[in-house]
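Numbering of residues begins at 1 and proceeds along the displayed sequence. Ligands are counted one by one from 1 in listed order, and the atoms in each one are counted from 1 as well.
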Amino acid sequence: MSASERSTHPAELDVRDVTLRFTGVTALSAVTFSVAGGSVHALIGPNGAGKSSLLNVLSGLYAPQEGSVRLDGRELVGTAPHRIADRGVGRAFQNASMFDDLTVEEHLMIGHHRHGRSGAVAAALGLPRARRDDREARRAAAEVAEYLGLESHLHDEAAALPYGIQKRVDLGRALAMRPRLLLLDEPAAGLHTHEKAELTLLVSRLAAERSLTVVLVEHDMRLVMAVADTITVLDFGTVIATGPPEQISADERVIAAYLGTEKESA
Ligand SMILES: Nc1ncnc2c1ncn2[C@@H]1O[C@H](COP(=O)(O)OP(=O)(O)OP(=O)(O)O)[C@@H](O)[C@H]1O
């Protein structure tokens with residue numbers, strides 16, 4: 001399915017018995033959970049629990065030795081990362097890295113260009129279809145910038161902006177490709193308190209307003225409890241609990257493995 005053929009409904013995700021081994025380490029062991037379309041699902045767990053490895057499996061960067069990952073019933077395991085992106089999986093990164101010399105608008109246009117049908121040659125020759133793609137990408141960039149409150153930065157060099165704004169640009173880049181499943185890797189890391197509060201509101205609105213499903217890895221429990229419809233807790237690569245926030249925060253195993261240590265250190 002090409003990006004342009006992609007339907008607009010939020011994706012359902014089904015992760016079944018995923019096992020991922022590195023030499024000497026089992027990072028994920030028979031991990032199973034599912035995420036309903038249009039919901040926000042958080043992956044939490046102590047350091048080294050396997051959260052980033054799992055996001056890397058979902059986006060195709062790591063191939064698990066066992067198990068399946070289905071997006072609306074279609075297998076993602078064994079699919080190249082760019083094909084997974086074409087199927088509607090977008091990702092914002094923990095350390096937003098901006099391309100040197102590119103403006104915010106250009107970063108957002110890169111996100112949208114997955115939808116373009118003209119190739120680099122058509123663009124270089126200035127062919128009508130390439131010009132149309134370019135106009136469409138600019139329009140999409142403007143829409144995402146407005147949604148994220150980045151309008152005043154559209155023509156700024158992204159790499160020179162404060163870190164919190166760069167993180168928003170990175171999120172915008174993922175949103176501009178109109179994902180049906182959005183993966184957020186520690187979106188609150190490195191943000192100031194007021195930026196975290198803004199992000200909490202934003203993530204709460206994202207799924208409903210942009211017709212997508214969100215899977216996020218996050219250490220900030222306040223944010224997780226505020227935005228997540230469901231939570232999966234990993235510990236040493238295995239799922240120790242899955243459920244709504246109120247169930248997770250009362251789960252003895254979770255308190256022992258994770259929330260307990262958070263509370264002690266708070
Ligand atoms: N590329 C790799 N090669 C070898 N081992 C790895 C690799 N990536 C992760 N691991 C190991 O897999 C386990 C899970 O790591 P992972 O980074 O997924 O945990 P995490 O829950 O994201 O941790 P954190 O919260 O600290 O980011 C750890 O033991 C880690 O050392």
Side-chain angles (χ1 to χ4, degrees), residues 13-35 40-69 76-82 84 89-97 163-164 166-167 170-171 174 181-191 195-196 199-200 203 214-228 230-243 245 248-249 251 253-266:
L13 181 70
D14 194 30
V15 176
R16 208 131 298 269
D17 291 322
V18 163
T19 294
L20 174 73
R21 293 182 207 94
F22 299 108
T23 318
V25 181
T26 301
L28 299 170
S29 182
V31 167
T32 296
F33 64 96
S34 44
V35 183
V40 177
H41 189 89
L43 299 172
I44 67 169
N47 290 332
K51 306 177 296 292
S52 300
S53 299
L54 184 51
L55 273 199
N56 286 336
V57 167
L58 300 183
S59 56
L61 291 175
Y62 290 167
Q65 282 81 10
E66 291 162 39
S68 77
V69 176
L76 291 187
V77 170
T79 308
H82 69 281
I84 290 180
V89 180
R91 178 170 182 175
F93 290 86
Q94 183 177 347
N95 298 308
S97 62
Y163 183 70
Q166 290 191 22
K167 294 253 309 187
D170 187 50
L171 173 59
L181 171 65
L182 177 65
L183 309 176
L184 300 177
D185 194 356
E186 298 201 29
L191 294 187
E195 291 171 325
K196 283 186 190 177
L199 181 72
T200 303
V203 177
V214 177
V215 171
L216 90 152
V217 166
E218 182 52 63
H219 281 288
D220 187 310
M221 278 308 116
R222 189 182 300 221
L223 188 146
V224 166
M225 292 297 163
V227 305
T230 46
I231 299 174
T232 289
V233 189
L234 291 173
D235 194 24
F236 295 110
T238 63
V239 173
I240 59 167
T242 292
I248 294 299
S249 56
D251 186 297
R253 276 185 85 186
V254 176
I255 292 166
Y258 187 59
L259 296 174
T261 53
E262 279 277 302
K263 278 180 190 149
E264 279 157 25
S265 63

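Interatomic distance, CG of L28 versus CG of D17, reported as 12.0 Å (0.5 Å rounding). Interatomic distance, L43 CG to F33 CZ, rounded to the nearest 0.5 Å: 5.0 Å.
The backbone N or O of L234 sits nowhere less than 3.5 Å from a side-chain atom of K51 that would complete a donor-acceptor pair. Between the side chain of T19 and the backbone N or O of A30, at least one donor-acceptor pair lies under 3.5 Å. Of the possible polar contacts, none joining the Q94 side chain to the A189 backbone as a donor-acceptor pair under 3.5 Å is found.
Atom 19 (O) of ligand 1 has G50 N, 3.1 Å as its closest protein atom, hydrogens excluded (heavy atom only). Atom 26 (O) of ligand 1 has N47 OD1, 3.2 Å as its closest protein atom, hydrogens excluded (heavy atom only). Of all protein heavy atoms, the one closest to atom 18 (O) of ligand 1 is S53 OG, 2.6 Å. Counting protein heavy atoms only, atom 17 (O) of ligand 1 is closest to S52 CB, 3.9 Å. At the shortest separation from atom 7 (C) of ligand 1 among protein heavy atoms lies F22 CE1, 3.3 Å. Looking only at protein heavy atoms, the nearest one to atom 21 (O) of ligand 1 is K51 NZ, 2.7 Å.
Protein heavy atoms are found less than 4.0 angstrom from atom 29 (O) of ligand 1.
Here the options are D14, V15, T242, the test is side chain to side chain contact (heavy atoms under 4.5 Å, CB included), and the partner is S34; only D14 passes.
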Assess the residue pair L171 and L182 against the criterion (side chain to side chain contact (heavy atoms under 4.5 Å, CB included)); give the C-alpha distance rounded to whole Å, side-chain angles, the decisive distance to 0.1 Å, and a yes or no.
CA-CA 9 Å; L171 173 59; L182 177 65; 3.9 Å; yes

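Interface of A49 with ligand 1, defined as ligand atoms under 4.0 Å from a residue heavy atom, comprises 19 (O), 20 (P), 21 (O). Interface atoms of ligand 1 facing H219, defined by a heavy-atom separation under 4.0 Å, are 25 (O). In the vicinity of Y62, heavy-atom distances shorter than 4.0 Å reach the ligand 1 atoms 1 (N), 8 (N). Atoms of ligand 1 found under 4.0 Å from any heavy atom of V25 (numbered from 1 in listed order, with element): 12 (O), 29 (O).
Nearest-residue assignment for atom 12 (O) of ligand 1 (options A27, A189, P46; heavy-atom criterion): A27.
For the ligand labelled ligand 1, residue G48 lies inside the 4.0 Å heavy-atom shell. The shortest heavy-atom distance from G237 to ligand 1 is not under 4.0 Å.
In this structure, E66 pairs ionically with R21, as a charged nitrogen and a carboxylate oxygen lie closer than 4.0 Å.
Ring orientation note: the planes of F22 and Y62 are nearly perpendicular, at an angle over 60° on the 30°/60° scale.
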